[in-house]
Every structure is written in C-alpha cells, then in structure tokens.
**Q** 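Attaching a single structure in structure tokens format; questions to follow.
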Protein chains: 2
Amino acid sequence: MKLDEAKQHFIQSWGTLGSNWGINRTMAQIHALLLVSSEPISTEDMMEQLQISRGNANMNTRTLIEWGIVTKTHIPGERREFFVTDKDIWALARQIVKQRRQREIEPMLRVIQEVKNVEGNDKETKEFKELINDIDSFTQKADDLMDKFIRSDEHWFYRQLLKMV
Amino acid sequence: MKLDEAKQHFIQSWGTLGSNWGINRTMAQIHALLLVSSEPISTEDMMEQLQISRGNANMNTRTLIEWGIVTKTHIPGERREFFVTDKDIWALARQIVKQRRQREIEPMLRVIQEVKNVEGNDKETKEFKELINDIDSFTQKADDLMDKFIRSDEHWFYRQLLKMV
DNA sequence: ATGTACTTTCAATTATTTCTGAAAGTTTTA
DNA sequence: TAAAACTTTCAGAAATAATTGAAAGTACAT
C-alpha cells in the first residue's frame with residue numbers, strides 16, 4: 001500500500017468513526033487530514049484534499065478549534081492561516097473526554113437534580129427515586145473517572161490498567 | 001414536581017443524551033420509558049406515551065432488543081407482547097460498552113492493520129507509521145479497559161476508582 | 001484611500017436520517 | 001378454516017443535519 005492510499009483510507013475511517021460518535025464526518029476528516037500531514041494545512045488544502053467547500057472547511061475547522069484539538073498557526077512569508085493538530089493521541093483523547101464531560105455530564109447531573117425533587121411517597125415514586133439515585137451515583141463515578149483521565153498522562157493510564165485484575 | 005412530570009422530563013433528557021452519542025432519540029426515549037415504568041410496556045403504550053407511530057415503535061424496540069438491553073415479556077392472559085429493560089444501570093452500561101466495543105473497536109483495529117502495511121522508508125512514511133502505532137496502542141488499551149469493564153461489577157469498578165490517585 | 005488576499009457568514013440547497021402508515025405477515029382463537 | 005388480534009416491513013414523506021457558494025467582512029500592502 002502506498003502512503004497516499006494509506007492516508008486516504010485512514011481519513012475515511014476516522015470520518016466514519018467520528019460519525020458513530022455524534023461528530024460530523026467532515027469535522028473528523030479534517031482532523032484526520034491534520035493528523036496525517038507533516039506540514040500545517042491551509043483551508044485551500046482541506047478544500048482540495050477533501051473535496052469540500054470553503055464554508056464547510058471554515059466552519060468545521062472553527063469547531064475543532066473550539067474543541068481545543070486544532071490550532072491556528074502561521075508560516076513566515078505566508079499571509080493565510082494554517083492549521084495543525086497535536087499528534088499526541090493521549091492529549092487528543094484527554095481533550096475529547098474533557099469536552100464531552102463538560103457538554104454531557106454536567107447537563108445530565110442537572111436533570112438528575114431536577115427530577116430528584118419529585119413529590120410523593122408511594123411505591124412508584126420510591127422506585128423512580130431509586131432509579132434516579134442509581135443513575136446519579138453512576139454518573140458521578142463516570143465523572144470522577146473522566147476527571148482523573150483528563151488530569152493523567154499515558155503512563156498513569158497504563159499503570160492503572162496493569163493494577164486492575 | 002409531580003411524578004409524571006419528572007418521568008416526562010427524564011425521558012426527554014435521556015433522548016437528548018442518546019442523540020449526542022449517535023443513538024437515535026426515539027430509541028433512547030423508548031428505553032427511558034421502560035426504565036421509569038414499573039410495569040412492562042406494550043407497543044401501544046409506547047405509541048401513546050411517546051406519540052410515535054407503530055412502525056417507529058416496533059423498529060426501535062427491535063434495535064434495543066438486538067443491543068441486548070430490552071427483552072420481550074408476556075403477561076398472563078394478554079395476547080400481545082410487552083417489553084422490559086433491566087433497571088440495573090451498571091448492567092446497562094456494560095451492555096452498551098459491549099456493543100460499542102464490538103461495533104467500533106474491532107473495525108478500527110482492522111483499519112489500523114491495513115494501513116500498517118504502507119510501503120516506504122522516507123521521513124513522511126515513518127511519521128505516518130508512528131502515528132498509526134500510537135493509535136494502535138491507544139486503541140488496544142481502550143479495548144482492554146472496556147473488556148475489563150464488561151466483565152466487572154459495580155463494586156469492582158468502585159474499588160478501581162478508589163485505587164486510583 | 002484603494003486594491004488585494006484572505007476569512008467569515010448564512011440563506012438556500014442537498015444529503016441523510018428518521019418516521020409514518022398502510023399493507024403484508026404471523027399467531028391465536030373460535 | 002376463517003376471522004380476529006397482533007407484529008413486522010418498507011416505500012414514501014417529513015424532519016434534521018450538513019454543505020455550498022456567493023456576498024460581506026477584515027486586514028494587510030501600496
């Protein structure tokens with residue numbers, strides 16, 4: 001397999017993987033393109049290599065920047081902007097976990113708090129409260145794990161895995 | 001807050017949470033409805049409570065069954081089918097992790113294997129190979145963690161969390 | 001100040017996903 | 001065996017999400 005072929009294949013797969021996780025395909029593809037590129041990439045490059053429009057490239061790149069996994073950079077003598085991503089997969093994973101934690105765990109905990117205030121003492125209400133408490137406890141533990149992961153490094157994670165039986 | 005109100009609110013939020021994770025809203029809502037119901041639920045019940053069509057209810061329930069998180073049940077004297085879900089949140093989490101592992105980790109590892117066979121010895125190829133190796137190593141560790149989680153119980157998970165600093 | 005090179009925005013279009021509902025299929029009952 | 005009770009299927013409709021492209025915006029250079 002030739003390098004370009006391999007890169008292309010990787011970009012496509014990364015796109016599919018992303019869309020399975022509620023991340024739009026183009027956004028994941030732009031990220032993959034940055035991952036496999038040895039040089040910073042311009043909007044033009046993205047448009048050409050991924051066959052997408054300027055608007056699409058611009059919007060999705062912006063979202064990647066907001067997520068903190070892509071950064072703008074400048075090349076001396078060049079006027080336009082270039083983009084790069086951190087090639088450290090662990091840093092990437094941490095950043096993504098951080099985002100999802102903020103965007104999903106927090107709203108979930110808020111909903112849990114809200115529905116905890118349900119009135120009544122009958123069997124059905126008690127069952128409901130028990131369910132909500134279980135979800136609360138689970139969510140808090142997931143939150144705790146994510147928090148530890150975000151603050152960790154690769155070796156920490158590896159050591160934790162080894163400690164588990 | 002009244003019980004019905006709380007249930008309704010929970011069902012909506014569960015739907016939103018699901019759709020953030022690439023699970024369709026109705027499917028997540030059906031699951032939530034089953035979670036908060038003290039009795040088994042029929043297709044008719046779903047249609048009425050979630051205001052959805054028969055086909056929609058049927059298809060999404062089937063998918064939940066395929067995922068192993070909902071099961072058919074029968075009520076003595078009733079001809080039609082009823083559905084229930086396990087109220088154990090940990091069992092649910094394990095089942096979901098199991099599904100996603102199978103549906104996403106395995107294809108990812110296959111792609112990684114494919115692009116590993118890239119030809120060439122130049123700097124760019126080496127960089128690409130290094131990236132792929134990092135992703136491979138990360139994916140394998142994620143796979144390992146998921147595997148341990150799937151085989152675990154709540155207490156195991158809790159103990160692991162405590163062991164982590 | 002004007003032109004040039006580039007970036008951003010967003011209304012309109014296109015693609016994708018989800019949902020409906022009626023018809024076909026299946027199982028039970030009489 | 002036939003009708004009734006229920007479930008499944010799937011083509012088309014509707015809803016939602018993603019994308020385009022041209023116009024507006026910005027910043028730099030002369």
Side-chain angles (χ1 to χ4, degrees), chain A residues 11-34 39-67 70-84 103-104, chain B residues 11-34 39-67 70-84 103-104:
Chain A
I11 290 170
Q12 293 310 319
S13 307
W14 205 247
T16 305
L17 188 75
S19 68
N20 274 139
W21 287 85
I23 290 160
N24 107 37
R25 221 180 74 255
T26 305
M27 185 169 146
Q29 285 179 346
I30 291 174
H31 178 250
L33 177 61
L34 292 170
E39 302 299 320
I41 291 292
S42 70
T43 302
E44 299 285 338
D45 297 331
M46 293 176 193
M47 289 168 64
E48 193 192 312
Q49 298 206 43
L50 304 176
Q51 288 294 302
I52 58 175
S53 72
R54 186 173 298 284
N56 196 7
N58 184 273
M59 300 271 264
N60 284 110
T61 305
R62 179 142 56 85
T63 308
L64 284 164
I65 292 172
E66 279 164 19
W67 274 51
V70 162
T71 48
K72 281 186 186 177
T73 189
H74 288 275
I75 291 183
E78 283 276 10
R79 186 150 154 195
R80 72 208 134 130
E81 295 174 324
F82 288 79
F83 304 92
V84 286
R103 288 151 41 101
E104 278 134 31
Chain B
I11 290 169
Q12 294 309 319
S13 307
W14 205 246
T16 305
L17 188 75
S19 67
N20 275 139
W21 286 86
I23 289 160
N24 108 37
R25 221 180 77 256
T26 306
M27 186 168 144
Q29 284 179 344
I30 291 175
H31 179 250
L33 177 61
L34 292 171
E39 302 298 319
I41 292 290
S42 70
T43 302
E44 299 286 338
D45 297 330
M46 293 175 193
M47 289 168 64
E48 193 192 312
Q49 299 207 44
L50 304 177
Q51 287 293 303
I52 58 174
S53 71
R54 187 173 298 285
N56 196 6
N58 183 273
M59 301 270 264
N60 284 110
T61 305
R62 178 141 56 84
T63 308
L64 285 164
I65 292 173
E66 279 164 17
W67 274 52
V70 163
T71 47
K72 281 186 186 176
T73 188
H74 287 276
I75 291 183
E78 282 275 11
R79 184 151 155 193
R80 72 208 133 132
E81 295 174 325
F82 288 80
F83 304 93
V84 287
R103 288 150 42 99
E104 278 134 31

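Numbers restart at 1 for each chain; the letters A, B, ... are given by sequence-line order, proteins then strands. Both backbone and side-chain heavy atoms feed into the values below; hydrogens, waters and symmetry mates do not.
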**Q** Over all strands shown, is N58(A) touching base, sugar-phosphate only, or nothing at heavy-atom distances under 4.0 angstrom?
**A**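 The residue N58(A) makes base contact.
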
**Q** Would you indicate what N24(A) reaches in the nucleic acid, counting non-hydrogen atoms under 4.0 angstrom: base, sugar-phosphate, or nothing?
**A**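 Sugar-phosphate: the residue N24(A), judged by heavy atoms under 4.0 Å, touches backbone atoms but no base.
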
**Q** From the set dT20(C), dT9(C), dC10(D), return the single nucleotide nearest to any side-chain atom of I52(B).
**A** dT20(C)

**Q** State whether the distance check finds a donor on one side and an acceptor on the other, under 3.5 Å, for side chain R79(B) versus base dA5(D).
**A**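 Looking at the base of dA5(D), it does pair with a donor or acceptor on the side chain of R79(B) (distance under 3.5 Å).
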
**Q** Using whole Å, report how far CZ of R25(B) lies from P of dT18(C).
**A** 10 Å

**Q** Closest to the N56(A) side chain: dT9(C), dT20(D), dT7(C)?
**A** dT20(D)

**Q** If only side-chain N and O atoms count, and only distance matters, is there a donor-acceptor pair under 3.5 Å linking T63(B) with N60(B)?
**A** no

**Q** For a quick check under 3.5 Å, do N58(A) and T61(A) share a side-chain donor-acceptor pair by atom type?
**A** no

**Q** Would you kindly give the CE-to-P distance between M47(B) and dC19(C), to the nearest whole Å?
**A**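 After rounding, the reported distance stands at 14 Å.
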
**Q** What is the distance from CD of Q29(A) to C1' of dA18(D), rounded to the nearest Å?
**A** 12 Å

**Q** Roughly, in whole Å, what's the span from NE2 in H74(B) to C1' in dT27(C)?
**A** 11 Å

**Q** What is the distance, to the nearest angstrom, from the CD atom on E81(A) to the P atom on dG25(D)?
**A** 19 Å

**Q** Please state whether the phosphate of dC6(D), meaning OP1 or OP2, lies under 4.0 angstrom from any side-chain nitrogen or oxygen of T43(B).
**A**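 No, no such contact exists.
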
**Q** Whole-Å distance between dT8(C) P and F83(A) CZ?
**A**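 One finds 7 Å between P of dT8(C) and CZ of F83(A), rounded.
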
**Q** Side-chain N or O of K72(A) versus OP1/OP2 of dC6(C): is the shortest distance under 4.0 Å?
**A** no

**Q** Counting side-chain heavy atoms from C-beta on, which of dC6(C), dG21(D), dG21(C) comes nearest to R80(A)?
**A** dC6(C)

**Q** Find the distance I75(B):CD1 to dC6(D):C1' and express it as a whole number of Å.
**A**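 Rounded to the whole Å, the gap is 15 Å.
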
**Q** What is the distance, rounded to the nearest whole Å, between atom CD of E44(A) and atom P of dA5(C)?
**A** 12 Å

**Q** With hydrogens left out and only the distance checked, is there a donor-acceptor pair under 3.5 Å joining R54(B)'s side chain and the base of dT20(C)?
**A** no

